[in-house]
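Report on one structure; see the data block that follows.
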Amino acid sequence: MASVDSGGSSVSGVLRAGGLLCASLLLLGVCCVDGLEMTTAKVPLLQATNGSTVLLPCTFYSCIGIRNLYFSWHFNDNSTMVKLCDAVIHSEDVEPNVKLWHKRVEFVGSAKNKNISILLWNITFEDEGDYICFGRNPKEKKRNHSAIYTLLVVDQLTEVDNTLTTIIFSIVGTLFVCTVVFMVAKALIVNFMPKKEDKK
Ligand SMILES: *[C@@H]1O[C@H](CO)[C@@H](O)[C@H](O)[C@H]1NC(C)=O
Ligand SMILES: *[C@@H]1O[C@H](CO)[C@@H](O)[C@H](O)[C@H]1NC(C)=O
Ligand SMILES: *[C@@H]1O[C@H](CO)[C@@H](O)[C@H](O)[C@H]1NC(C)=O
Ligand SMILES: *[C@@H]1O[C@H](CO)[C@@H](O)[C@H](O)[C@H]1NC(C)=O
Ligand SMILES: *[C@@H]1O[C@H](CO)[C@@H](O)[C@H](O)[C@H]1NC(C)=O
């Protein structure tokens with residue numbers, strides 16, 4: 001009757017194994033020799049406002065070249081992988097025929113530029129989470145590769161927060177100026193008093 005709570009962890013386990021594999025190969029300097037690499041932006045995190053349209057970047061690279069490279073984008077929705085789009089890139093000269101599984105997803109990459117980025121239109125708070133760019137090159141024995149891009153959705157309320165911050169800074173600034181003026185005045189008075197006494 002013992003229940004094993006391991007739902008969802010198997011998927012991230014596979015992804016992590018893929019990442020580690022490439023990392024350890026990189027250490028040996030052989031990742032470039034036979035491995036496919038999937039990469040997102042330098043900063044794999046984006047903060048965007050509710051209602052905006054975002055670019056989810058991903059590029060691939062393989063030293064041995066690609067043939068029938070399969071790629072896909074998934075959204076990790078509470079540990080459930082939701083497929084957003086997928087396609088096969090036959091070669092770098094042929095643009096893929098991308099199947100879209102999500103209404104607000106648009107493929108904007110190009111095989112020629114090794115770019116498989118997508119646009120996610122009109123984002124909502126439910127779109128917040130991890131986006132996985134997955135790739136498999138049959139040339140290298142079905143090894144899986146992936147990169148993760150995290151999307152944070154923020155409300156326009158942050159602008160109100162900025163106003164509040166400005167107000168707080170103004171108050172603090174005013175207090176600081178008042179304190180300085182007070183201290184200068186005090187110093188002047190203290191200096192002035194003995195002079196008055198000297199004259200006596
Ligand atoms: C998010 O944006 C949409 C469209 O601009 C708006 O209808 C909705 O109320 C916003 N949600 C929140 C929680 O601000
Ligand atoms: C996400 O998962 C947690 C438990 O794992 C559950 O309590 C929660 O309702 C889920 N949320 C959604 C939106 O499915
Ligand atoms: C995004 O929202 C705009 C305005 O609400 C709408 O015209 C457009 O069709 C939407 N795009 C998608 C892909 O849903
Ligand atoms: C990939 O293509 C998109 C859309 O054309 C572009 O905005 C992005 O800069 C490209 N990324 C790279 C790394 O070239
Ligand atoms: C690669 O991913 C596929 C799912 O797309 C899975 O069926 C397969 O077992 C994975 N292979 C390895 C070696 O992880």
For a quick test of reading the model, state the closest non-hydrogen atom pair linking [X] to [Y] and the distance between them.
X	Y	answer
Ile118	Cys85	CG2-SG, 3.9 Å
Thr40	Ala147	CG2-CB, 3.7 Å
Tyr149	Ala41	CE1-CB, 4.1 Å

Hey, are the side chains of [X] and [Y] touching, using non-hydrogen atoms and a 4.5 Å cut-off?
X	Y	value
Asn50	Phe125	yes
Cys133	Ile116	yes
Leu56	Leu119	no
Leu151	Glu128	no
Leu36	Ile66	yes
Trp121	Val105	no
Phe71	Asp86	no

Linking I/L/V/M/F/W/Y whenever any side-chain heavy atoms sit under 4.5 Å apart, do [X] and [Y] land together?
X	Y	answer
Leu152	Val43	yes
Leu188	Val180	yes
Phe176	Val184	yes

query = Near Lys83 NZ, under 6.0 Å, is it more than 12 heavy atoms from other residues, nucleotides or ligands?
reply = yes
query = Taking everything shown except Asn97 itself, do over 12 heavy atoms lie less than 6.0 Å from its CG?
reply =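 At most 12 heavy atoms, drawn from other residues, nucleotides or ligands, come within 6.0 Å of this atom.
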What's the spacing between [X] [atom1] and [Y] [atom2] if we round to 0.5 Å?
X	Y	atom1	atom2	value
Met38	Asn137	CE	CG	9.5 Å
Leu55	Leu46	CG	CG	8.5 Å
Leu69	His145	CG	NE2	9.5 Å
Ser62	Lys114	OG	NZ	9.5 Å
Arg136	Asn144	CZ	CG	5.5 Å
Glu140	Cys63	CD	SG	10.5 Å

inquiry  = Taking the basic N atoms (NZ, or NE/NH1/NH2) and the acidic carboxylate oxygens, is any pair closer than 4.0 Å for Glu92 and Lys112?
reply    = no
ask   = Knowing that exactly one of Thr53, Asn122, Asp127 qualifies, which makes a side chain to side chain donor-acceptor pair (under 3.5 Å) with Arg104?
value = Asp127
inquiry  = Applying side chain to side chain donor-acceptor pair (under 3.5 Å) to Asn115 and Ser117, what does each step give before you reach the verdict?
reply    = CA-CA 6 Å; Asn115 186 335; Ser117 306; 2.6 Å; yes
query = Do Ser110 and Asn113 pass the side chain to side chain donor-acceptor pair (under 3.5 Å) test, and can you show the C-alpha distance, the side-chain angles, and the key distance before you say yes or no?
reply = CA-CA 5 Å; Ser110 79; Asn113 297 328; 3.0 Å; yes
message = Before we go on, tell me: are the rings of Tyr131 and Phe75 under 6.0 Å apart, centre to centre?
response = yes
task = Classify the side-chain pair Thr150/Asp130 by whether it contains a donor and acceptor separated by less than 3.5 Å.
result =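 Yes, a side-chain donor-acceptor pair sits under 3.5 Å.
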Test item: Ser52 side-chain N/O and Ala48 main-chain N/O as donor-acceptor pair under 3.5 Å = no
task = Before giving the answer on ring pair (Phe, Tyr, Trp, His ring centres under 6.0 Å), spell out for Phe60 and Phe134 the whole-Å C-alpha distance, their side-chain angles and the decisive distance to 0.1 Å.
result = CA-CA 10 Å; Phe60 62 85; Phe134 174 92; over 10 Å; no
